[in-house]
Amino acid sequence: MSTAETVIMAVFAACGGCVMTLAGLTGLRQTRRIERTGIWAWALVKSNPEARGEDPQSSRPLLQFSTEAGQVVKIGSPVPPTRRRPLRDGDVLLITYDPADPGSIVVHNRERRLLDYGFIAAGTLVLLLALVLVLVLVLVSRAAP
């Protein structure tokens, strides 16, 4: 592989790393904003009739709650059920919703911050590796006669 091809590959990797990092930062920012400015509500877990054909353990149920304005909102759960924390039909969860957009919610004690931090770390690592690769290639090409 030539130096130019390697640099192009490193640039694409750096772009991918930037996208991963920005996705993680955006997720964290959204979660923090909703937690800070949102309104608490209790949501009822309902089975999702559209997901019946799928594996019941992996399908995400619906969450139904009422806003302060009295609007009933029914949305798909932003977090999947797990073995340790299943989301069974009829369970009640504490959520925080964005009053400007009730479809944006955070489920208490089920925030996926670890996933967001993972995206930030992986994206930063890919970006740094790409930059080191380009730096090494530049130094090697300058040292060559």
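In this text, all values refer to a predicted model and were calculated from it rather than measured experimentally.
- Here the OG atom belonging to Ser47 is positioned 7.5 Å from the CG atom belonging to Leu62, to the nearest 0.5 angstrom.
- Residue Arg29 holds its CZ atom at 11.0 Å from CD1 of Ile34, rounded to the nearest 0.5 Å.
- Between the Thr82 side chain and the Arg85 main chain, a donor and an acceptor come within less than 3.5 Å of each other.
- Under the side chain to side chain contact (heavy atoms under 4.5 Å, CB included) criterion, Leu25 pairs with Thr21, Ile120, not counting sequence neighbours.
- The two residues Arg112 and Pro80 make their nearest non-hydrogen contact at NH1-CD, 3.6 Å.
- When hydrophobic side chains of Ile, Leu, Val, Met, Phe, Trp and Tyr are connected at separations under 4.5 Å, Ile95 ends up clustered with Ile39, Val45, Leu63, Phe65, Val73, Ile75, Val79, Leu87, Leu93, Tyr97, Ile105, Val107.
- At least one side-chain heavy atom of Gln30 sits under 4.5 Å from a side-chain heavy atom of Ser104.
- Every residue two or more places apart in sequence or in another chain that forms a salt bridge (charged side-chain N to carboxylate O under 4.0 Å, His left out) with Asp98 is listed here: Arg33.
- Residues forming a ring pair (Phe, Tyr, Trp, His ring centres under 6.0 Å) with Trp42 (at least two apart in sequence, or on another chain): none.
- Residues that satisfy the side chain to side chain contact (heavy atoms under 4.5 Å, CB included) test with Val132, not counting sequence neighbours, are Val136.
- When the side chain to side chain donor-acceptor pair (under 3.5 Å) test is applied to Arg113, the partners found at least two apart in sequence or on another chain are Glu35.
- Looking at Arg60, its side chain never comes within 3.5 Å of a backbone N or O of Pro81 through a donor-acceptor pair.
- Remark: Val72 engages Gln64, Ser66 in a side chain to side chain contact (heavy atoms under 4.5 Å, CB included) (not counting sequence neighbours).
- Every pair tested for salt bridge (charged side-chain N to carboxylate O under 4.0 Å, His left out) that includes a residue from residues 1-11 fails, sequence neighbours excluded, so the list is empty.
- Hydrophobic cluster membership of Leu129, counting Ile, Leu, Val, Met, Phe, Trp and Tyr whose side-chain heavy atoms lie under 4.5 Å apart directly or via other members: Leu125.
- Considering every non-hydrogen atom in both Cys18 and Leu127, the closest pair reads SG-CD1, 3.9 Å.
- Under the side chain to side chain donor-acceptor pair (under 3.5 Å) criterion, Asn109 pairs with no residue, sequence neighbours left out.
- When every heavy atom of Arg110 is checked against every heavy atom of Pro86, the shortest pair comes out as NH2-O, 3.6 Å.
- Between Gly27 and Asp116, the shortest heavy-atom distance links the atoms C-OD2, 3.4 Å.
- With a 4.5 Å cut-off between side-chain heavy atoms of Ile, Leu, Val, Met, Phe, Trp and Tyr, the cluster of Leu135 takes in Leu139.
- Under the 4.5 angstrom side-chain criterion for Ile, Leu, Val, Met, Phe, Trp and Tyr, the cluster partners of Leu115 are Met20, Phe119.
- When side chains are defined from C-beta on, Pro99 does not count as touching Glu68, because their heavy atoms never get closer than 4.5 Å.
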